[in-house]
Amino acid sequence: SPLEETSIPLFYGWFLLSSVQDKLRCTALDFLKTLDTMDAFKKHMADFSGKAEKEVDLEQYFNEKSTFHCTTKYCDYGRADGAKEYAQNPAVKKSYGSVFELSLVALFVTPRTVGARVVLTEEQLLLWPAEEEKQAESSSLPRGSRAHITLACAEGIEPVQTGLDLLQILALPQGEVVEEMGLGPLRYYGEGRWMLELRESIGAPAIFSSFYA
Ligand code: ACK
């Protein structure tokens, strides 16, 4: 029935509490501003601008996303594969509305997206979908590798891209450290892909819930 169909959300995930959301927004903005001024970044500017000489203002280049969250299962109101099974999973029902602490271990930037990498605990992995969407290149990565928070996207880029960008980076050999930043080492992975490993992970309280647009 139509009523049953609408009871499955667009997606499930952990939604950051507003206090940590503001903090993360500032951290991400500082990161972009610093990256923009670094010689190492300028050297690879063409990855973003398409032209070697052209400067890029990263703050202008990216559009910030609202309601920071870490998607567990994209359900598309029940149309996505495994959506109904996920919604009926006892672990999902039991945890719905509970607060968890997410561990943010890195920030990453590509010409398409800006994100934070989340490393999930065993308990949190119980809420990770059984059938994770796999990309060929990431097939050997551990479950939950895609866990992330989309912070911003370039013009015309959908947020689903952030998780794909993260999997791509994780599947590559570890990039060289190009600079020790205040928050930790910054690595370059080629083709405009940068990752800042946080020396101290950010603990982010978040409510497991769902989103209906
Ligand atoms: O930034 P995200 O994780 O990427 O959060 C949004 C959210 O669902 C609402 O669009 C994510 N999303 C969209 N499509 C998919 C998909 N096919 N697989 C996994 N996550 C998706 C998007």
Side-chain angles (χ1 to χ4, degrees), residues 5-18 20-22 24-25 27-29 31-32 58 61-87 89 92 95-96 100-121 124-139 141-171 193-196 202 204-213:
E5 275 165 34
T6 54
S7 69
I8 295 182
L10 181 62
F11 67 95
Y12 286 85
W14 290 283
F15 296 79
L16 268 55
L17 301 190
S18 62
V20 72
Q21 197 146 184
D22 294 341
L24 185 57
R25 183 172 293 116
T27 306
L29 204 57
F31 174 46
L32 289 186
L58 288 180
Y61 184 91
F62 289 110
N63 303 313
E64 195 188 287
K65 292 289 149 193
S66 54
T67 19
F68 289 162
H69 66 269
C70 176
T71 303
T72 52
K73 174 69 184 171
Y74 179 73
C75 291
D76 195 14
Y77 307 108
R79 288 187 289 256
D81 281 349
K84 292 188 182 70
E85 292 76 3
Y86 185 85
N89 179 339
V92 169
S95 292
Y96 199 84
F100 289 76
E101 170 135 323
L102 297 182
S103 178
L104 281 48
V105 301
L107 300 177
F108 57 94
V109 178
T110 77
R112 298 162 297 277
T113 62
V114 184
R117 182 185 178 203
V118 177
V119 168
L120 302 175
T121 63
Q124 290 163 357
L125 278 170
L126 296 175
L127 300 171
W128 200 251
E131 300 276 321
E132 195 179 351
E133 236 188 301
K134 285 276 185 190
Q135 285 193 304
E137 65 210 50
S138 67
S139 55
L141 294 172
R143 264 185 88 231
S145 294
R146 184 177 180 159
H148 70 278
I149 295 164
T150 298
L151 301 172
C153 293
E155 198 65 48
I157 301 292
E158 295 292 331
V160 63
Q161 186 61 44
T162 318
L164 303 177
D165 283 357
L166 174 60
L167 289 177
Q168 214 183 66
I169 291 173
L170 294 180
R193 296 168 296 200
W194 300 86
M195 185 175 256
L196 167 63
I202 300 174
I207 295 178
F208 180 68
S209 181
S210 65
F211 183 88
Y212 299 79

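Indexing begins at 1, ligand by ligand and atom by atom, following the structure's order. Every value quoted in this text rests on a predicted model; they were computed, and no experiment measured them. Any value given below was found using the heavy atoms of this structure, including those in side chains, with hydrogens, waters and symmetry copies removed.
- With respect to D165 and R112, a salt bridge is recorded, a charged nitrogen being found less than 4.0 Å from a carboxylate O.
- Among F68, F11, F211, the residue whose heavy atom sits closest to atom 9 (C) of ligand 1 is F11.
- Using a 4.0 Å heavy-atom cutoff, H69 is listed among the residues neighbouring ligand 1.
- Residue H148 places a heavy atom under 4.0 Å from ligand 1.
- Using a 30° and 60° split on the angle between ring planes, Y12 and F208 fall in the parallel class, below 30°.
- Residue-environment remark: CG (N63) exceeds the threshold of 12 foreign heavy atoms within 6.0 Å.
- Neither the backbone nor the side chain of Q161 comes within 4.0 Å of ligand 1, counting heavy atoms alone.
- By the 4.0 Å heavy-atom criterion, K65 is excluded from the residues contacting ligand 1.
- Residue-ligand proximity, T150 to ligand 1, at heavy-atom distances under 4.0 Å covers atoms 1 (O), 2 (P).
- Between Y74 and ligand 1, a contact under 3.5 Å exists for no N or O pair.
- One side chain, Y96 or S210, offers a donor N or O that lies under 3.5 Å from an acceptor on the other.
- Note: Y74 and F11 fail the aromatic proximity criterion, with ring centroids not under 6.0 Å apart.
- In terms of heavy atoms, W14 sits closest to Q124 at CH2-O, 3.5 Å.
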